[in-house]
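Here the structure is laid out as structure tokens; the discussion comes afterwards.
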2 protein chains.
Amino acid sequence: MSVDLLSRPKCSECPIRHRAVCSRCDADEIEQLEQIKSYKTFAAGDPILWRGDDLTYVASVVRGVATLSKTMEDGRIQMVGLLMPSDFIGRPNRKTIEFDVVAATEVTLCCFQRVPFERLLATVPHVAQRLLEIAMDELDAARDWMLLLGRKTAREKIATFVEMMVRRQHVDGLGLDHEPLVLPLTRDEISNYLGLTLETVSRQLNALKRDGVLRFVDRRRFEVIDMAALHAASGDDSDGGVLC
Amino acid sequence: MSVDLLSRPKCSECPIRHRAVCSRCDADEIEQLEQIKSYKTFAAGDPILWRGDDLTYVASVVRGVATLSKTMEDGRIQMVGLLMPSDFIGRPNRKTIEFDVVAATEVTLCCFQRVPFERLLATVPHVAQRLLEIAMDELDAARDWMLLLGRKTAREKIATFVEMMVRRQHVDGLGLDHEPLVLPLTRDEISNYLGLTLETVSRQLNALKRDGVLRFVDRRRFEVIDMAALHAASGDDSDGGVLC
DNA sequence: TCGGGCTTTTGATCTGTATCAAAGTCAGCG
DNA sequence: CGCTGACTTTGATACAGATCAAAAGCCCGA
């Protein structure tokens with residue numbers, strides 16, 4: 001999926017490329033990026049980074065889906081981000097990471113050595129500017145998710161999540177229209193994203209099916225039958241909101 | 001409170017000053033900031049910005065506490081940020097704001113006209129770099145809060161919140177040691193921050209009192225009797241985490 | 001094709017927190 | 001001072017979602 005990302009003109013995999021911006025990179029900058037760049041692939045289920053690990057690299061997701069989560073001592077887990085193609089991983093000027101990053105599907109990352117990347121950040125103004133925009137988009141998304149976690153019902157959470165899947169798979173051009181959409185997470189992972197249990201996720205997903213809103217091809221693949229009903233169930237006001 | 005912020009050397013109120021950084025501003029840059037700067041004060045309870053409002057200014061909190069929240073159509077509210085001295089309000093390169101900002105106590109803001117501020121952002125590299133750091137700190141805090149909203153019990157939420165109040169009032173030098181600490185929010189506002197109801201907040205706060213963890217001077221002022229117990233009740237692992 | 005180990009579904013029951021209701025407390029102000 | 005309105009506490013009850021338990025479905029390798 002999302003192969004077209006790789007076929008774009010130069011610099012297409014750089015972590016500041018998102019939403020077609022790195023046109024601002026000049027030849028010299030692209031050269032510098034190339035030199036500190038490498039690709040890594042992880043199988044579904046593989047841990048990518050563990051809390052406390054050294055941040056040797058920052059990276060951009062090229063293909064696949066990874067999860068970003070926090071774990072409490074007694075094992076409770078909350079996913080705090082779902083990393084899909086074009087999302088950024090890592091934090092410049094931090095030596096370690098404070099979250100767990102795990103591959104949910106097979107994942108390919110475009111990695112840049114952190115320290116030289118920071119040098120670029122310090123010398124090339126538009127890199128910091130672009131990264132700022134990315135961070136603020138993430139912040140807006142995190143705050144939308146706080147509303148979901150703190151105030152939405154189970155049904156609203158599920159509907160919001162499914163709607164987000166629909167929208168992101170459209171944007172990324174993952175599924176062609178009328179191809180079934182994919183849930184890249186297990187029921188258990190979805191429950192960790194939504195602050196629910198896996199049983200509740202299963203029940204609510206089946207409720208949406210029973211209500212004629214979704215149809216499942218298999219456990220992981222589905223189609224939206226009634227987009228309006230799905231949106232109405234999400235609790236969001238008319239003009240969308242979560243991510244883009 | 002927090003008067004010392006104003007007595008710091010030049011540029012102390014600029015929104016990128018936080019945690020002593022704007023030493024990097026040179027005389028010319030400070031001059032530019034001064035020209036687009038103004039102070040505004042709001043009484044407790046006043047709305048500062050409403051969802052959809054034009055972002056004419058970006059600002060830094062100088063004194064007091066403001067809340068940042070999202071509201072659903074049916075009136076459910078989730079606070080997504082608590083803005084205390086040195087916190088940043090607004091988003092460069094966005095014409096409108098997507099949240100409600102309300103003064104919780106009397107608040108003084110140091111405001112900068114957004115458009116000229118964006119020009120500064122585009123021309124002075126270390127402004128974007130500093131703002132990036134601020135945004136990433138906010139993002140980390142938002143993600144910690146997602147764990148709280150999604151997975152913590154009512155008691156853990158309350159303990160985490162009180163601990164955060166203790167820590168931030170220490171950092172900002174608001175209360176001298178052994179002066180009682182302040183809850184800058186009503187029970188209702190706390191409930192919106194923690195994803196609870198005001199009744200649950202009241203019950204849990206009294207439970208911490210009954211358990212000999214806190215002592216209340218009045219509804220708004222308290223002392224921590226057993227810091228270790230408070231921390232243990234927060235569910236966070238040893239080394240803190242929420243904000244700094 | 002069968003079997004074993006996942007993941008998911010479904011059912012029964014429990015519980016933490018919400019909801020509803022009423023009384024109590026406090027600050028400000030006439 | 002004592003009234004008024006906003007905030008808080010306390011109690012009784014309801015219920016959404018958690019928890020516990022077991023059956024069903026599905027994938028994959030032998």
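The chains referred to below are lettered A, B, ... by the order of the sequence lines, with proteins before strands, and numbering in each begins at 1. Model, not experiment: these values are computed from the prediction.
With no hydrogens or angles considered, a side-chain donor-acceptor pair links B:Lys152 and B:Thr160 at under 3.5 Å.
Atoms NZ (B:Lys209) and P (D:dT10) sit 7 Å apart, rounded to a whole Å. One can place CD of A:Gln204 at 16 Å from P of C:dT8, the figure rounded to the nearest angstrom. Rounded to a whole Å, the CG atom of B:Leu198 is 13 Å from the P atom of D:dT10. Going from atom NZ of A:Lys157 over to atom P of D:dA18 covers 7 Å, rounded to whole Å. In this structure, the CD1 atom of B:Ile190 is 14 Å from the C1' atom of D:dT9, given to the nearest Å. Rounded to whole Å, the distance from CZ on B:Arg187 to C1' on C:dA18 is 19 Å. Look at CD1 on B:Ile158: it is 16 Å from P on C:dG16, rounded to the nearest Å. For B:Glu156 and C:dG16, the CD to P distance is 12 Å, given to the nearest whole Å.
Using a 4.0 Å cut-off between a side-chain N of Lys or Arg and a carboxylate O of Asp or Glu, B:Arg76 and B:Asp74 qualify as a salt bridge. A salt bridge links B:Asp144 with A:Lys70: the distance from a Lys NZ or Arg NE/NH1/NH2 to an Asp or Glu carboxylate oxygen falls below 4.0 Å.
The A:Ser202 side chain lies nearest to C:dT8 when the options are C:dT8, D:dT9, D:dT19. Of the candidates D:dG25, C:dT9, D:dG17, D:dG17 carries the atom nearest the A:Ala154 side chain, counting heavy atoms from C-beta on. If you check C:dT8, C:dT17, C:dT25 against the side chain of B:Leu196, the one that comes closest is C:dT17.
Judged by distance alone, with hydrogens and angles left aside, A:Arg203 brings a side-chain donor or acceptor within reach of the base of C:dG11, the pair sitting under 3.5 Å. Judged by distance alone, with hydrogens and angles left aside, A:Arg219 brings a side-chain donor or acceptor within reach of the base of C:dT7, the pair sitting under 3.5 Å. The base of D:dC20 sits within donor-acceptor range of the side chain of A:Glu199, with an N or O pair under 3.5 Å.
Between B:Thr200 and the phosphate of C:dA18, there is a side-chain N or O to OP1/OP2 separation shorter than 4.0 Å. Within the structure, every side-chain polar atom (N or O) of A:Thr197 is placed at least 4.0 Å from both OP1 and OP2 of D:dG17.
Residue contacts for B:Gly195: at a heavy-atom cut-off of 4.0 Å it reaches the sugar-phosphate backbone alone, with no base atom in range.
Under the 3.5 Å distance criterion, the side-chain polar atoms of B:Asp46 are matched with a main-chain donor or acceptor of B:Ala43.
Nearest heavy atoms, A:Leu149 versus A:Tyr193: CD2-O, 3.8 Å.
Mapped onto DNA chain D by nearest heavy atom, B:Leu205 and A:Asp218 fall at different nucleotides, with B:Leu205 at the one closer to the 5' end.
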